[in-house]
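Since the structure is predicted, the reported quantities are computational estimates derived from the model, not experimental observations. Labels below follow one simple rule: chain letters A, B, ... track the order of the sequence lines, proteins then strands, and each chain is numbered from 1.
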Amino acid sequence: MTAKPVRVRFAPSPTGHLHLGGARTALYNYLLAKKTGGKFILRIEDTDQKRYVEGAEQEIIDGLRWLGITYDEGPDIGGPFGPYRQTERREIYQTHAKSLVDKGAAYPCFCSAERLEKVRQEQQKRKETPHYDGICRNIAPEEAARRIAAGEKHVIRLRMPQEGTTTAHDHIRGDITVDNKNFDDAILVKTDGLPTYHFAAMVDDHEMQITHVFRGVEWLSTFPLHVNMVRAFGWEEPVWIHLSIFLKPTGKGKMSKREATDALKDGHSIFVKDLKDLGFIPEGVNNWYALMGWGVAEDEVMALDQMAQRFSIDHLTPSPAAINFQKLDHFNGTHIRLLPTAELARRLKPYFRADGLAVDDDTLLKITPLIRERLVTLDDCLAFGAFFFKETVQPTREDLIAKDLDAAQSAAIARRAYQILEAQPDISHARSEAPMRAYVEETGLSPNQVFGIIRVAVTGQKVSPPLFESMEVIGREKVLERLKKAAEILEN
RNA sequence: GCCCCCAUCGUCUAGCGGCCCAGGACGAAGCCCUCUCAAGGCUUAAACAGGGGUUCGAGUCCCCUUGGGGGCACCA
């Protein structure tokens, strides 16, 4: 493939949360730019004032930043092809619309939305495909100019060819040929003077010198329309790549609002913001959705820079992909284990803090290697390590009783463990394990039974990081104290 | 209804006419390791939607059927 530097763009509309599909489109753009030494642009498509959501643009920016998908030009950082918000580019669209009208490739249409709606309903009643009836198509330019000058409300429509076919080329799907009679004369500029997506996107992609366009398959049906527009201008076409959508885990249909809520209850989400809050790390998240639609033969675990090296638009797949949250868990856990200890500790800290625990860095650094391979998400650290930061633990009597033993026997073991450990000069892993194993030997019980009692006594839970390492971190004082308390609980 | 797209293990995918009795990953099952839970190692089960062509030869090319998805707005 070409190593020529590309100019690519992610162009979301600020109408909701940044989700998986958007993030993946952004990622592929970013990857291609990095791979070729090109530029990646963020452009905000905010021409629909009705659907505009306050804060959505910021969420997109924050989400991309968190994911590590950085852009070279964008609304918040500027760039040589700005502005990067479409509402700030009105004049540019006006100019281009005028040039198209002058060429006769577009024309003003004075039909009201109400009339069009009526026409549409009548067509549907007659079981016809709804379409614009084209009555303004043949208004003489002079008359149109007069009506515009008189202040009559109008839109600008593209004069689409009414016969023949249009063939457009998609990089992963090949040629797509459609009969031109299936197309309406699409609206380019709305009554409010703002461009529609169709128009604004084509104009901006040209103005910003975009070489490759990644977008969702929802644009595939209007693809020939866009190509016609670009050709009407006489512009060079970019390489088009239509990415498939994500299906819900069952593979039947898109994720619904309800299913998104259910996923959240299960600790998963299709929204970037949630994923962050849920304790997923960008490395894991990126790796996960990158591979839904990009086929890699082997060695699937990759960081962003490795992905950029290996990325190719020739290995993108056209078929829709069902979301698999189990795989997200896998990638997340894998990338957590790949993090250097100090870095992981740094990321874990806020989760302990949020739980109201007094975290000291020294302890945090010691326990990080102990809990690391047990984490699927960052907030799992609480389940495995919260007790390290607590003064006391509250084991239940039930948990303290080992399998096949009774309370008195278990208490005796706790007492004996106390004596053995107290006799040691310190409670380091090296010092504690050997005598304890010797004791297990002596009793004829299983390590599981004996260590189980001590684990519950010392950590307050049945599942914990390795016992001896844990005791070393907890410290001699507290370990002995907790052992004694456990014996008392059992003896009552 | 009309138009367009898609189709390999349960899921994500490799495969771009012979290298494939189809490879990897997640998940599942079993074994090993083991103080719990994990992590790790090994092993197993699991797929070319169906039918026609083209070709010496098809998962790979063409057509049809079926199934799935998307679109048919002064929304993106």
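- Counting non-hydrogen atoms under 4.0 angstrom, A/Gly295 reaches the backbone sugars and phosphates but no base.
- A/Ser244 places a side-chain N or O within 3.5 Å of a backbone atom of A/Pro318 that can act as its donor or acceptor partner.
- As rounded to the nearest Å, B/A58 and B/G51 have P atoms that lie 14 Å from one another.
- Side chain A/Glu300 to base B/G24: a donor-acceptor pair is found below 3.5 Å.
- Taking only distance into account, the side chain of A/Ser221 never meets the base of B/C4 through a donor-acceptor pair shorter than 3.5 Å.
- Listed nucleotides: B/U36, B/U11, B/C37. Nearest to the side chain of A/Ala322: B/U11.
- Annotation: B/U65 and B/A7 have their C1' atoms spaced 13 Å apart (nearest Å).
- At the heavy-atom level, A/Ala113 lies under 4.0 Å from base atoms of the strands shown.
- Atom CD of A/Glu114 is separated from atom P of B/A73 by 16 Å (rounded to the nearest Å).
- B/U36 atom P lies 18 Å from atom CG of A/Leu400, rounded to whole Å.
- Heavy atoms of A/Ser244 sit nowhere under 4.0 angstrom from any nucleic acid atom.
- Heavy atoms of A/Arg173 sit under 4.0 angstrom from primed sugar atoms or phosphate atoms, though from no base atom.
- If you take atom C1' in B/C12 and the same atom in B/A46, they sit 15 Å apart, rounded to whole Å.
- For the atom pair CG of A/Leu348 and CG of A/Asp380, the computed distance is 9.5 Å after rounding to the nearest 0.5 Å.
- Rounded to a whole angstrom, the distance from the P atom of B/G59 to that of B/C20 is 14 Å.
- Rounding to the nearest 0.5 Å gives a distance of 5.5 Å between OH of A/Tyr107 and CZ of A/Arg137.
- Per the geometry, CG belonging to A/Asn332 stands 13 Å off P belonging to B/G27, to the nearest Å.
- Here the separation of B/C3 from B/U11, taken at their P atoms, is 30 Å to the nearest Å.
- Nucleic acid contact for A/Gly333: none, since no nucleic acid atom lies under 4.0 Å from a heavy atom of the residue.
- Distances from the side chain of A/Ala297 to the nucleotides B/C6, B/A14, B/U36 place B/A14 closest.
- Here B/C12 is the nucleotide among B/C3, B/C35, B/C12 with the atom lying nearest to any side-chain atom of A/Lys327.
- B/G10 and B/C48 are spaced 16 Å apart, taking the C1' atom of each and rounding to whole Å.
- Contacts of A/Glu469 with the nucleic acid, taken as non-hydrogen atoms under 4.0 Å apart, include base atoms.
- Taking a pair to require two hydrogen-bonding distances under 3.5 Å in either a Watson-Crick or a G-U wobble arrangement, B/A22 remains unpaired.
- Following rounding to the nearest Å, A/Phe246 (CZ) and B/C12 (C1') show an atom-to-atom distance of 10 Å.
- The phosphate of B/G69 (OP1 or OP2) has no side-chain N or O of A/Ser319 nearer than 4.0 angstrom.
- Using bins of under 30°, 30° to 60° and over 60° for the plane-to-plane angle, the ring pair A/Phe271/A/His19 lands in the perpendicular bin.
- A/Pro249 comes within 4.0 angstrom of no nucleic acid atom, judged by non-hydrogen atoms across all strands.
- Side-chain contact check for A/His169 and A/Glu237: no donor-acceptor pair (N or O, by modelled atom type) lies under 3.5 Å.
- Contact annotation for A/Ile245: backbone-only contact, meaning every heavy-atom pair under 4.0 Å involves sugar-phosphate atoms and none involves a base.
- Among the nucleotides B/C5, B/C12, B/G71, the one closest to the side chain of A/Glu218 is B/G71.
- A/Asp48 comes within contact range of the sugar-phosphate backbone alone, with a heavy-atom separation under 4.0 Å but no base atom that close.
- Annotation: side chain of A/Phe331 is in contact with side chain of A/Leu291 (closest heavy-atom distance under 4.5 Å).
- At the heavy-atom level, A/Pro466 lies under 4.0 Å from base atoms of the strands shown.
- If A/Phe468 and A/Trp294 are placed on RNA chain B by their nearest nucleotide, the residue sitting closer to the 5' end is A/Trp294.
- For B/U44, the paired base is B/A28 (Watson-Crick or G-U wobble, both distances below 3.5 Å).
- The aromatic ring centroids of A/Trp288 and A/Phe280 lie 6.0 Å or more from each other.
- If you look at A/Phe214 and A/Phe10, their ring centroids are not closer than 6.0 Å.
- The partner of B/G1 is B/C72, by the rule that a Watson-Crick or G-U pair needs both atom distances under 3.5 Å.
- The aromatic rings of A/Trp219 and A/His226 sit tilted relative to each other, their planes meeting at an angle between 30° and 60°.
- In this structure B/C61 sits in a base pair with B/G53, meeting the Watson-Crick or G-U test at under 3.5 Å.
- For the P atoms, the distance linking B/C4 with B/C63 amounts to 13 Å, nearest Å.
- OP1 or OP2 of B/C75 has at least one side-chain nitrogen or oxygen of A/Lys50 nearer than 4.0 Å.
- Here, B/G52 and B/G68 have their C1' atoms 22 Å apart, quoted to the whole Å.
- Counting any heavy atom pair closer than 4.0 Å across all strands shown, A/Ser13 reaches sugar-phosphate atoms only and no base atom.
- Atom-to-atom, CD of A/Glu298 to C1' of B/A25 comes out at 9 Å; the value is rounded to the nearest Å.
- Atoms CD1 (A/Ile172) and P (B/A7) sit 10 Å apart, rounded to a whole Å.
- The side chain of A/Arg337 lies closest to B/A39 when the candidates are B/A39, B/C3, B/G69.
- Comparing A/Asp179 and A/Leu467 by the nucleotide of RNA chain B whose heavy atom lies nearest to each, the residue mapping closer to the 5' end is A/Asp179.
- Which of B/C2, B/A38, B/C26 sits closest to the side chain of A/Glu373 comes down to B/A38.
- In the set B/C74, B/C4, B/A76, B/A76 carries the atom at the smallest distance from any side-chain atom of A/Arg51.
- The distance between atom CD of A/Glu433 and atom P of B/U34, rounded to the nearest whole Å, is 11 Å.
- Side chain of A/His315, nearest nucleotide from B/A39, B/G15, B/A7: B/G15.
- Nucleic acid contact for A/Ser112: base, since at least one base atom lies under 4.0 Å from a heavy atom of the residue.
- Listed candidates were B/C35, B/C75, B/G70. Nearest to the side chain of A/Lys254 is B/G70.
- Side-chain atoms of A/Arg372 come within 3.5 Å of backbone atoms of A/Leu339 as a donor-acceptor pair (strictly under, hydrogens ignored).
- Under the Watson-Crick or G-U wobble criterion, with both distances below 3.5 Å, B/A7 is paired with B/U66.
- Residue-level contact check: A/Trp219 touches the bases, meaning some heavy atom is under 4.0 Å from a base atom.
- Counting to the nearest Å, the C1' atom of B/C6 and the CG atom of A/Asp170 are 12 Å from each other.
- Using a 4.0 Å heavy-atom distance criterion, A/Arg437 is classed as a base contact.
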